[in-house]
Structure formats: structure tokens, C-alpha cells
A.B. asks: 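Here you go, one structure.
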Amino acid sequence: MPSCLFSPPMLRFAQALDTQLRAAMERAFPEAAAEAIAAGRPLDPQLAQASKPEFGDFQANGALALAKPLQQSPRQIAAALLAELEADVAFGALCLPPQIAGPGFLNLTLRPEVLAAELRRRLTDPRLGVPLASESGAGSAVAPVIVDFSSPNIAKEMHVGHLRSTIIGDSLARVLEFRGHPVLRLNHVGDWGTQFGMLITHLKQVAPEALTRADAVDLGDLVAFYRQAKQRFDEDEAFQATSREEVVKLQSGDSVSRRAWQLLCDQSRREFEQIYGRLDIRLSERGESFYNPYLEAVVADLEAADLLVVDAGAKCVFLEGMQGKDGNPLPLIVQKSDGGFNYATTDLAAIRYRFAAPPAGDGARWVIYVTDAGQANHFAGVFQVARRAGWIPEGARLEHVPFGLVQGDDGKKLKTRSGDTVRLKDLLDEAVERCEADLRRRLVEEERQEDDDFVQQVATTVGLAAVKYADLSTNRITNYQFSFDRMLALQGNTAPYLLYAVVRIAGIARKGGDLGDGAATSAEPQAVFPDLLLFSEPQEWALVRELLKLDTVIAEVEQELLPNRLCSYLFELSQVFNRFYDQVPVLKAEPAARASRLALCRLTADTLKLGLGLLGIATLERM
RNA sequence: GGGCAUGUAGCUCAGUUGGAUAGAGCGUCAGAUUCCGGUUCUGAAAGUCGGGGGUUCGAGUCCCUCCAUGCUCGCCA
């Protein structure tokens, strides 16, 4: 593992310290260091974020691992390292004298003036210290990253299952975009395949107008027709045969079928767009049908690579290291015995196209699939075949980003009382309605007067924020229990709690605190805040340290593709800020302290807004 | 039966290359408030990290095994 992957706070300092520690180790133990380098495993100081605040900012654990090979006690080794570090002028400029603690940990604390200067620098940095990917030297940032997410099915309504993919995918795309990657957000909608054959066949018989006129039926009707069609398909062999013929017609470009299909897609698309609009999500639609022209080439490629086997009439690739029910090798079917293609073929065509160099493809170097964990096997198989076919360029990343189920209070898959799947639209509506009711109750209690626009605006923002935040704040791989009561709670790790911290800071600005944030009366931050920020209270230092962690957290989210890490950080930042706000006066402080404290407020608000923005969550000035 | 994932406080969940006494929120109990919005803050109780074995100076984290739960396993997507 390269050393740039560790994740203590403040990447820049961490990298400097890591270098200094390595040099110190080489000076302290030249023979062991030389041997280690010769063996291809240079001595590692094991620099990490301090596990507790009282241990400082960083800790180096390397001494413990060296005890055995060096035949010395860990504390002795730590002492030798410490002596070398104290002779290093650059280290002394960065850190206070290190402490040896416990069995042999070396605790490092950054100098207050170093922290204050870094904080001051961030006040004038719109990126808040987060480097662009191109600046951190991580490969070429020109090749697009493709995030494949949301992917609802035509003629079906979006439900909670699409919620997670949509929200997680959007957040990951935002983080990657912020880091400067060109991101292609692809909506791989289910707009192709057998279901259209049966739907069109059914509609031709019972509601032909739906296939020739836009708006003849709404999505709700379509969903009902879809159910009926599915039922007939399962029961009626003649219907099945007609449906299959219809699929063939559609796939071969028959104009009547094609037009009917187009109308169905348009109808669904309007519905999807409403949801995406509400959730502030941008997506480029590129459905399964897009890859139709490439399906035969996929099979031909696999044939040429000598991977295809015909088994029971179907063309398949047998997967390495995967077994089916009876212990037989597991095939990935790319062409059915009736000559038709299935979803594996489409997914293979998509991978092939996405990695292919333009203009024949997207030229991606990194492709991310955000789908539920139940598809892990499917993607493992598809990815394996794509690799063996040679479609994945050297050094490219191809990964499935799985997520768990949304469950109800009973721990089972979320359903309505009547047992149906929960429509996404209804779920969002309920969140906003509950927020509004709660807000109106509070307004009465606090005897506040607000107009309807304000109430609507706040309820919508908070309601949608709560839904998104609840989804993003748990580790995506585990199932999570959906609960309006928990996600809308005003305290705890919830969207409202975070939003309230932003509101408090806006309150300080309204009461006369100049945050230098571009309001008509304020000048640039350079003029508003002193060059030297002065902090005295422990609550201030805690906030300084928390604020400076942002760059590390973003790097971690990008590496692990785990938005919940960002949520945890923003929650902790809000807690540290609330402690500061509660215990340290800002507006009533002495002028020198006041300016520095306003700077903390300003950077806290900026950090929360930026972080929530990366989660796709809007903030408010009042609530 | 095979594969993958999950199992941490009463509940919902974190836990970053293996590191110091396992963390948070809710709930419970006990406190704070002339103050920038109390949607706040301080503190306490609460754990055999599913069980067992192993590797290691050190294991919630890695390995083996067993148990429980969920998902998945050739022509749906």
C-alpha cells in the first residue's frame, strides 16, 4: 500500500510528517532501514490520526512493530526516533516536542500557530483546502468517470429501491465532480426487453390509443396495464408467443412498434423527471436500448476470444471460480437458445462501450455501478467476462458499489400497510408533510409569524434533506431501517440537527457579525479577518482541528466510495460547533477574539454548506 | 448444497493501513440557562463486539470453524 492512502487529518501536514518520520527512522536505524529497503519493504512509521484528542493530532505506531527485529523495547526505539525528530528543524517548525506514551506510541501535536495559519488560508480558499484530483497527482483527470445509478424501469413507478441508488449515486458523482473528475452520470433505464413485448401486445388489444397518442394514459394506468400484461404472460401461451414476436419486431426496428415504445418511454420519462427535479438530481438518460446495436458485436468478440460455449442451445461463457446449484460450472448466458439477448449481454455491451476509446465509446478509466447488493453475483460474472474479453484497459477501475435493503420497522423489506411497494413519490410527500406539520406546531408554540412561502420552503428543504441524509448516513453495504420519526428528529445524527447549526451561524450574521461572506456590507475576507487569528479556549481549538479535517475526509470518501464517512464528519463538526457556540461568546467577545471567532463561524458554515452540498442537500438561513 | 453479505449498549447505527480504557445518537436517570435562535450544552448508568479456536508484542478488525439472518445460484432485469 502506498503511503498516500492513510487518512489522518490534514493531508498536507500528514505527508510532510510521514516523510520526516521516515527520514528519522533511517537515521536512527541505518542498518535495519537499508535491509528493509533491500527487501522491498521500507520501514513504516505507521503514522495515523491520533485515536483520542488528548494524544495530539497524530500518532506514530511504528516503534512497536520494530521491537522484535531490532531486539529493543518499543519505548527505546521511540526515544531514538524522538531524538532524531528533535534534531530536524522542519519537524520542529511543524510540531511541538513529541511525547512517548503507552507501550511505545509517539504522539505528535501540531503547533498552534501552524493550525491557525492553515485555518486563515482556508478562509480565502473556495475549495476549503480540498485539492483537485489533478493536483494530488492521481493519474490523468481527463478521462471520464462514469457513475451508473438510479436506473428505473419504463412503465413502472420509482420506489424505495431506486431511492438508495439515486441518492448514493448522486452524492458520489458530486464528490468526484468536486475533486475535478469529468463525470458522466448515466441513467441505465430499463427500456428494452421482454416486458415491452407483453406490454405493447396487451395495449394493442385493450387500449390501442395509448400507443398512438401521447398523454392517452398516465403512468398509473401504465403500471396497471403492466401488471395485467404480466399476469397474461404467465398464464396464456398464445399471449406469450405474440409478445415474443412483438419483441423481435421492436428490436428489428418495426416502425409501429417503435413508435409505441417511444410513447411509453416518454410517458415514464416525464414522471421520472419530476422526481429528479424535486431531488435536484442531474442524470443523462442512456437506457438499455442504446446498446442494442452493439449486442451482436459483443457475442462476436467473445467468440473471437474463444470464450463462447454453446450449452443447451444457449451461447454462454463459463465463469471461473463460480459454481451453480449442483456444483456445475456457472454460465453467463449472452445469447438465449431462441436467439434473443438478455441483460447480461446488454451489461457487457455497456462495459465494452464505456471503456472503448472515442468516438466508438466513452473512453472511461473508471466505471462505477450503484445497484443493490443482490446484484453482486451478476456483476462479478459480467466483470469477469469483460476482463477476459480484454475490454478493460490496463489500470482502469471497474467496480460495483453495492447497497443494502431499505427495511421497515419489522426488519423486513419496506412495504405499505397493504403490502405494496412504497412509491418514491409518496414517501417524499410524506416526509415534507410531516415536516410542515411539525414546523407549524413549533411556530404556534414559539408565537412566531411566518408566511406560507416560508413554511413550504422550509418543509420541503428539511423533509427532502432528512430523507437523503438518513439514507447516506449509514454504511451503504448494510440494510437500514427506514423511520420518519428518526430521520426528522431535531436532535441526533439527522439532517435537521446539521441544518440548525448553519441557521445559528446565519443568526450571528444577522445580529451584526461580519462573516465576510460577500454580503453587501462586508469586504473580502482578507480585509474582514486579521492575518493572525488568535484562539485561547479549548472549544475554539477543537473547532479549528475539526474544520481542518475536511480534505482528509473528502479523500476518504472518494477512495472508499462511502458517503456515510462525510455524514459522520459533518455531524461531529456540528457537535463541536454547538459546544463552541454554547460555551464561548462570539458577538460579545473582545474585538480581537471576536474577529477570530467570527472566522471560525464563517469557515464552519462554509464547510457545512459544502459538505451537505456534496450530499445533495440544500441549506437554509432560517428554519 | 455452493457463493456473497451481515451479526457491536434496551433501540438505531459508527468504528479509517490490526494499536492505548470499544464510540455516537435515541431512550433512561441527574444537571445547566440574565447569553449570539434550548432544534442547545454538561454528566451518569448501560457491551462476553453472535459462539469457539488460531495468527500477532497487540484482534471488533486477519485466518479456521460453528450458529443465526438476508441476498443469490443457465436462458426475467
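Worth saying up front: this structure is predicted, and the values here are computed from it rather than measured. Letters A, B, ... mirror the listed sequences (proteins, then strands); counts begin at 1.
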A.B. asks: Checking only heavy atoms, does the side chain of A:D347 share a donor-acceptor pair with the base of B:A77 at less than 3.5 Å?
C.D. replies: no
A.B. asks: Please list all pairs passing the salt bridge (Lys or Arg N to Asp or Glu O under 4.0 Å) test where one or both residues lie in residues 560-569 of chain A, with sequence neighbours left out.
C.D. replies: A:E556-A:R565
A.B. asks: Does a donor on one side chain sit under 3.5 Å from an acceptor on the other, for A:T345 and A:N342?
C.D. replies: yes
A.B. asks: Counting only heavy atoms not in A:K415 (residues, nucleotides, ligands), do more than 12 fall under 6.0 Å from its NZ?
C.D. replies: yes
A.B. asks: Go through the structure and list residues passing side-chain hydrogen bond (donor to acceptor under 3.5 Å, both in side chains) with A:E558, not counting sequence neighbours.
C.D. replies: A:R179, A:H181
A.B. asks: Does one side chain, of A:S289 or A:D191, offer a donor that lies under 3.5 Å from an acceptor on the other?
C.D. replies: yes
A.B. asks: Please enumerate all residues that pass salt bridge (charged side-chain N to carboxylate O under 4.0 Å, His left out) together with A:D410, with sequence neighbours excluded.
C.D. replies: none
A.B. asks: Check the surroundings of atom CD in A:Q375: do more than 12 heavy atoms from other residues, nucleotides or ligands lie under 6.0 Å from it?
C.D. replies: yes
A.B. asks: Answer with base, sugar-phosphate or nothing: what part of the nucleic acid does A:A312 contact at a heavy-atom distance below 4.0 Å?
C.D. replies: base
A.B. asks: Could you say whether the aromatic ring of A:F55 and the base of B:A20 stack, counting only centre distances under 5.5 Å and plane angles under 30°?
C.D. replies: yes
A.B. asks: Counting side-chain heavy atoms from C-beta on, which of B:C75, B:C36, B:A24 comes nearest to A:K336?
C.D. replies: B:C75
A.B. asks: Taking the minimum atom-to-atom distance to the side chain of A:L490, which one of B:U39, B:U16, B:G70 wins?
C.D. replies: B:U39
A.B. asks: Return the value, rounded to whole Å, for the distance between atom CD of A:Q407 and atom C1' of B:U69.
C.D. replies: 10 Å
A.B. asks: Out of B:A20, B:G15, B:G74, which has the shortest distance to the side chain of A:D311?
C.D. replies: B:G74
A.B. asks: Applying a 4.0 Å non-hydrogen cut-off, can you work out what A:A489 is touching in the nucleic acid: base, sugar-phosphate, or nothing?
C.D. replies: nothing
A.B. asks: Under a plain distance cut-off of 3.5 Å, with no hydrogens placed, do A:Q407 and A:Q481 share a side-chain donor-acceptor pair?
C.D. replies: no
A.B. asks: Does A:R476 pair with A:D471 as a salt bridge, N-O distance under 4.0 Å?
C.D. replies: no
A.B. asks: Parallel, tilted or perpendicular: which fits the ring planes of A:F482 and A:F484, with parallel below 30° and perpendicular above 60°?
C.D. replies: perpendicular
A.B. asks: Does any residue of residues 437-445 of chain A have a heavy atom under 4.0 Å from RNA chain B, and if so, which ones, in number order?
C.D. replies: A:R442
A.B. asks: Compare the minimum distances between each of B:C41, B:U40, B:A14 and the side chain of A:Q583, then state the nucleotide with the smallest one.
C.D. replies: B:C41
A.B. asks: What does A:F105 touch in the nucleic acid at a heavy-atom separation under 4.0 angstrom: a base, only the sugar-phosphate, or nothing?
C.D. replies: base
A.B. asks: Base, sugar-phosphate alone, or nothing: which one does A:E572 contact when heavy atoms must sit under 4.0 Å apart?
C.D. replies: nothing
A.B. asks: Within the pair A:Q46 and B:G18, is there a side-chain N or O less than 4.0 Å away from OP1 or OP2?
C.D. replies: no
A.B. asks: Can you build the contact string for nucleotides 55-60 of chain B? Use B for base contact, S for sugar-phosphate-only contact, and - for no protein heavy atom under 4.0 Å.
C.D. replies: --B---
A.B. asks: For B:C76, does the base pair up with any side-chain atom of A:T194 as donor and acceptor (N or O, under 3.5 Å, distance only)?
C.D. replies: no
A.B. asks: Go along nucleotides 1-9 of chain B 5' to 3' and tag each nucleotide: B for a protein heavy atom under 4.0 Å from its base, S when only backbone or sugar atoms are that close, - otherwise.
C.D. replies: BSB------
A.B. asks: Relative to the 5' end of RNA chain B, which residue comes earlier, A:R510 or A:E54, by the nucleotide with the nearest heavy atom?
C.D. replies: A:E54
A.B. asks: Apply side-chain contact (heavy atoms from CB on, under 4.5 Å) to A:A555 and list each qualifying residue two or more places apart in sequence or on a separate chain.
C.D. replies: A:L11
A.B. asks: Indicate, with a heavy-atom threshold strictly under 4.0 Å, whether A:R448 touches base, sugar-phosphate, or nothing.
C.D. replies: base
A.B. asks: Under 3.5 Å for both donor-acceptor distances, Watson-Crick or wobble: does B:U12 have a partner, and if so which one?
C.D. replies: B:A24
A.B. asks: Checking A:D148 now: which residues fulfil salt bridge (charged side-chain N to carboxylate O under 4.0 Å, His left out) with it, not counting sequence neighbours?
C.D. replies: A:R354
A.B. asks: Mind checking whether A:Y291 and A:H188 have parallel, tilted or perpendicular rings, split at 30° and 60°?
C.D. replies: tilted
A.B. asks: State which of B:C35, B:A20, B:U12 makes the closest approach to the side chain of A:K588.
C.D. replies: B:C35
A.B. asks: Compare the minimum distances between each of B:A77, B:U40, B:U39 and the side chain of A:N342, then state the nucleotide with the smallest one.
C.D. replies: B:A77
A.B. asks: Please compare A:A509 and A:C316 by the position of their nearest nucleotide in RNA chain B and report the one closer to 5'.
C.D. replies: A:A509
A.B. asks: Measure the distance from OH on A:Y291 to P on B:A77 and round it to the nearest whole Å.
C.D. replies: 16 Å
A.B. asks: Within the 4.0 Å heavy-atom criterion, would you say A:N61 contacts the bases, only the backbone, or no part of the nucleic acid?
C.D. replies: base
A.B. asks: Would you say A:Y226 places a side-chain N or O within less than 4.0 Å of OP1 or OP2 belonging to B:C76?
C.D. replies: no
A.B. asks: Which of the following nucleotides, B:C41, B:A20, B:U16, is nearest to the side chain of A:A101?
C.D. replies: B:A20
A.B. asks: Looking at residues at least two apart in the chain, or sitting in another chain, which of them share a side-chain hydrogen bond (donor to acceptor under 3.5 Å, both in side chains) with A:E399?
C.D. replies: A:W366, A:R397
A.B. asks: If the cut-off is 4.0 Å, is A:N564 near the phosphate of B:G15, judged by side-chain N/O to OP1 or OP2?
C.D. replies: yes
A.B. asks: Taking O4'-C1'-N9-C4 for purines and O4'-C1'-N1-C2 for pyrimidines, is B:G25 syn (within 90° of 0) or anti?
C.D. replies: anti
A.B. asks: Restricting to salt bridge (charged side-chain N to carboxylate O under 4.0 Å, His left out), what partner residues turn up for A:R75, sequence neighbours left out?
C.D. replies: none
A.B. asks: Who is the Watson-Crick or G-U wobble partner of B:G60, with both distances under 3.5 Å?
C.D. replies: none
A.B. asks: Look at all strands and tell whether A:D372 reaches a base, only sugar-phosphate, or nothing, counting heavy atoms closer than 4.0 Å.
C.D. replies: nothing
A.B. asks: Looking at A:Q59 and B:A20, is any side-chain donor or acceptor paired with a base atom of the opposite kind under 3.5 Å?
C.D. replies: yes
A.B. asks: Nearest to the side chain of A:K52 - B:C13, B:U21, B:G15?
C.D. replies: B:U21
A.B. asks: Please name the residue in the list A:N493, A:L608, A:V502 that meets the side chain to side chain contact (heavy atoms under 4.5 Å, CB included) test with A:S574.
C.D. replies: A:L608
A.B. asks: Using a heavy-atom cut-off of under 4.0 Å over every strand shown, decide if A:R622 touches base, sugar-phosphate, or nothing.
C.D. replies: base
A.B. asks: Report which part of the nucleic acid A:S568 touches: base, sugar-phosphate, or nothing (heavy-atom distance under 4.0 Å, all strands).
C.D. replies: sugar-phosphate
A.B. asks: Would you mind pulling out the nucleotide paired to B:U39, Watson-Crick or G-U wobble, both distances under 3.5 Å?
C.D. replies: none
A.B. asks: If the condition is ring pair (Phe, Tyr, Trp, His ring centres under 6.0 Å), which residues does A:F379 pass it with, not counting sequence neighbours?
C.D. replies: A:Y369, A:F383, A:H400
A.B. asks: B:U42, OP1 or OP2 - any side-chain N/O from A:R579 closer than 4.0 Å?
C.D. replies: yes
A.B. asks: Looking at B:G74, I'd like to know if its phosphate oxygens (OP1 or OP2) sit under 4.0 Å from a side-chain N or O belonging to A:K315.
C.D. replies: no
A.B. asks: Tell me what A:V502 touches on the nucleic acid: a base, only sugar-phosphate, or nothing, going by heavy atoms under 4.0 Å.
C.D. replies: nothing
A.B. asks: Indicate for each nucleotide in nucleotides 27-32 of chain B, in 5' to 3' sequence, whether protein heavy atoms under 4.0 Å reach the base (B), only the sugar-phosphate (S), or nothing (-).
C.D. replies: ------
A.B. asks: Just to be sure I understand the rule, does A:G374 reach a base, reach only the sugar-phosphate, or reach nothing, if contact means heavy atoms closer than 4.0 Å?
C.D. replies: sugar-phosphate
A.B. asks: Just the rounded figure in Å: distance from P of B:U42 to CD of A:Q575.
C.D. replies: 8 Å
A.B. asks: Considering every strand shown, what is the Watson-Crick or G-U wobble mate of B:U48 when both distances are under 3.5 Å?
C.D. replies: none
A.B. asks: Could you please name the option among B:G70, B:C36, B:U39 that lies closest to any side-chain atom of A:I508?
C.D. replies: B:C36
